[in-house]
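All ligand and atom numbering here is 1-based and tracks the order in the structure.
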Amino acid sequence: MHEAWGDLINEISGCTKCRLCENRTNVVPGEGNPRAKIMFIGEGPGRDEDMQGRPFVGASGQLLDRMIHAIGMERTEVYIANIVKCRPPMNRNPEPDEAAACMPYLRNQFKLISPQIIVLLGKVACRYVLQDESPISRLRGNWILRKGVWFMPTYHPSALLRAPEKKREAWEDFKMIKAKLMEVSHRGEV
Ligand code: URA
Ligand code: SF4
């Protein structure tokens, strides 16, 4: 597992499979515990993430940290990654061909980490992981079980910063996530 994991991170770090490699400062493969029970998936690196080579370190990252604390976990215990590993110019959404080029890395991260719960932050993550185009306001708050993994769509933290009135629903989602974490732990699957 460790060799395969290191090989995967190295491969991502040197990747030039799509045009997003052209303007990046750093690749942002992901961060956290490669044996995490729970993963959080965003869209793609922003300016701060591109500068530091780490996911969710800007304003939305600070909110994500608070959400992770709210479920009784630390950033080092979970794994945080994105649909695309290089920053889209002007923070635009990833193009479908860019997401298609990058998704095999995320699928391999899912395979090697083998989490029980995957939290999808926002519509872009849902679109490319679940192949579901529904609005996030409809997807959120509902568990989806696929191949033994529990997926929970919820709002992207940057959407919550723009529209704080959505925070109440987001906290509802995180309460469900906390309960599910306890449920899967109690089953001895820790
Ligand atoms: N937004 C994202 O979707 N991902 C990050 O890593 C940072 C901001
Ligand atoms: Fe490679 Fe993904 Fe970066 Fe595109 S976004 S260059 S596929 S790592």
Next on the checklist: Between ligand 1 and G44, is the shortest N or O to N or O distance under 3.5 Å?
Outcome noted: yes
Checklist entry - So is R54 close enough to ligand 1, meaning a heavy atom under 4.0 angstrom away? => result no
Checklist entry - Is it the side chain (CB and beyond), the backbone, both or neither of E49 that lies under 4.0 Å from ligand 1, heavy atoms counted? => result side chain
Checklist entry - Counting N and O atoms only, with roles assigned by atom type, does the side chain of E77 sit under 3.5 Å from a partner on the main chain of N33, one being a donor and the other an acceptor? => result no
Item to check | Ligand-side contact atoms (ligand 2) for residue partner R24, heavy atom cut-off under 4.0 Å | outcome: 3 (Fe), 6 (S)
Next on the checklist: Closer than 3.5 angstrom, by distance alone: can the side chain of N26 be matched with the main-chain N or O of M51 as a donor-acceptor pair?
Outcome noted: yes
Which donor-acceptor pairs under 3.5 Å do side chains of residues 84-102 form with protein atoms, sequence neighbours excluded?
{"from": "K85", "atom 1": "NZ", "to": "N82", "atom 2": "O", "distance (Å)": "2.9"}
{"from": "K85", "atom 1": "NZ", "to": "Q109", "atom 2": "OE1", "distance (Å)": "2.8"}
{"from": "R87", "atom 1": "NE", "to": "N91", "atom 2": "OD1", "distance (Å)": "3.0"}
{"from": "R87", "atom 1": "NH2", "to": "N91", "atom 2": "OD1", "distance (Å)": "3.1"}
{"from": "R92", "atom 1": "NH1", "to": "E98", "atom 2": "OE1", "distance (Å)": "3.0"}
{"from": "R92", "atom 1": "NH2", "to": "E98", "atom 2": "OE2", "distance (Å)": "2.8"}
{"from": "D97", "atom 1": "OD1", "to": "R19", "atom 2": "NH1", "distance (Å)": "3.3"}
{"from": "D97", "atom 1": "OD2", "to": "R19", "atom 2": "NH1", "distance (Å)": "3.4"}
{"from": "D97", "atom 1": "OD2", "to": "R19", "atom 2": "NH2", "distance (Å)": "2.6"}
{"from": "E98", "atom 1": "OE1", "to": "E95", "atom 2": "N", "distance (Å)": "2.8"}
{"from": "E98", "atom 1": "OE2", "to": "R19", "atom 2": "NH1", "distance (Å)": "2.6"}

Item to check | Of all pairs that satisfy salt bridge (Lys or Arg N to Asp or Glu O under 4.0 Å), the ones with a partner from residues 110-127, not counting sequence neighbours | outcome: R127-E133
Checklist entry - Is there at least one pair of N or O atoms, one from F56 and one from ligand 1, spaced under 3.5 Å apart? => result yes
Checklist entry - Taking E49 for the side chain and G58 for the main chain, is one N or O donor matched with an acceptor at less than 3.5 Å? => result yes
Checklist entry - Who's the nearest protein heavy-atom neighbour of atom 4 (N) of ligand 1, and how far? => result N82 OD1, 2.8 Å
Item to check | Residues that L161 engages under side-chain contact (heavy atoms from CB on, under 4.5 Å), provided they are two or more places apart | outcome: A59, S60, L63
Item to check | Atom indices of ligand 1, in the order listed, that fall short of 4.0 Å to a heavy atom of P55 | outcome: 6 (O)
Next on the checklist: Do the side chains of R140 and E172 get close enough for a salt bridge, i.e. N-O under 4.0 angstrom?
Outcome noted: no
Next on the checklist: Which residue in the set I113, V184, I80, I71 passes side chain to side chain contact (heavy atoms under 4.5 Å, CB included) when paired with I38?
Outcome noted: I71
Item to check | Atoms named by residue and atom, protein N, O or S, within reach of atom 2 (Fe) of ligand 2 (under 2.8 Å) | outcome: C102 SG
Next on the checklist: I want to know whether F174 and H69 have ring centres closer than 6.0 Å.
Outcome noted: no
Checklist entry - Under 6.0 Å from the CZ atom of R107, do we count more than 12 heavy atoms belonging to anything else shown? => result yes
Item to check | For atom 8 (C) of ligand 1, the protein heavy atom that lies nearest, with its residue and separation | outcome: S60 OG, 3.6 Å
Checklist entry - Going by the order shown, which atoms of ligand 1 are within less than 4.0 Å of some heavy atom of G42? => result 3 (O)
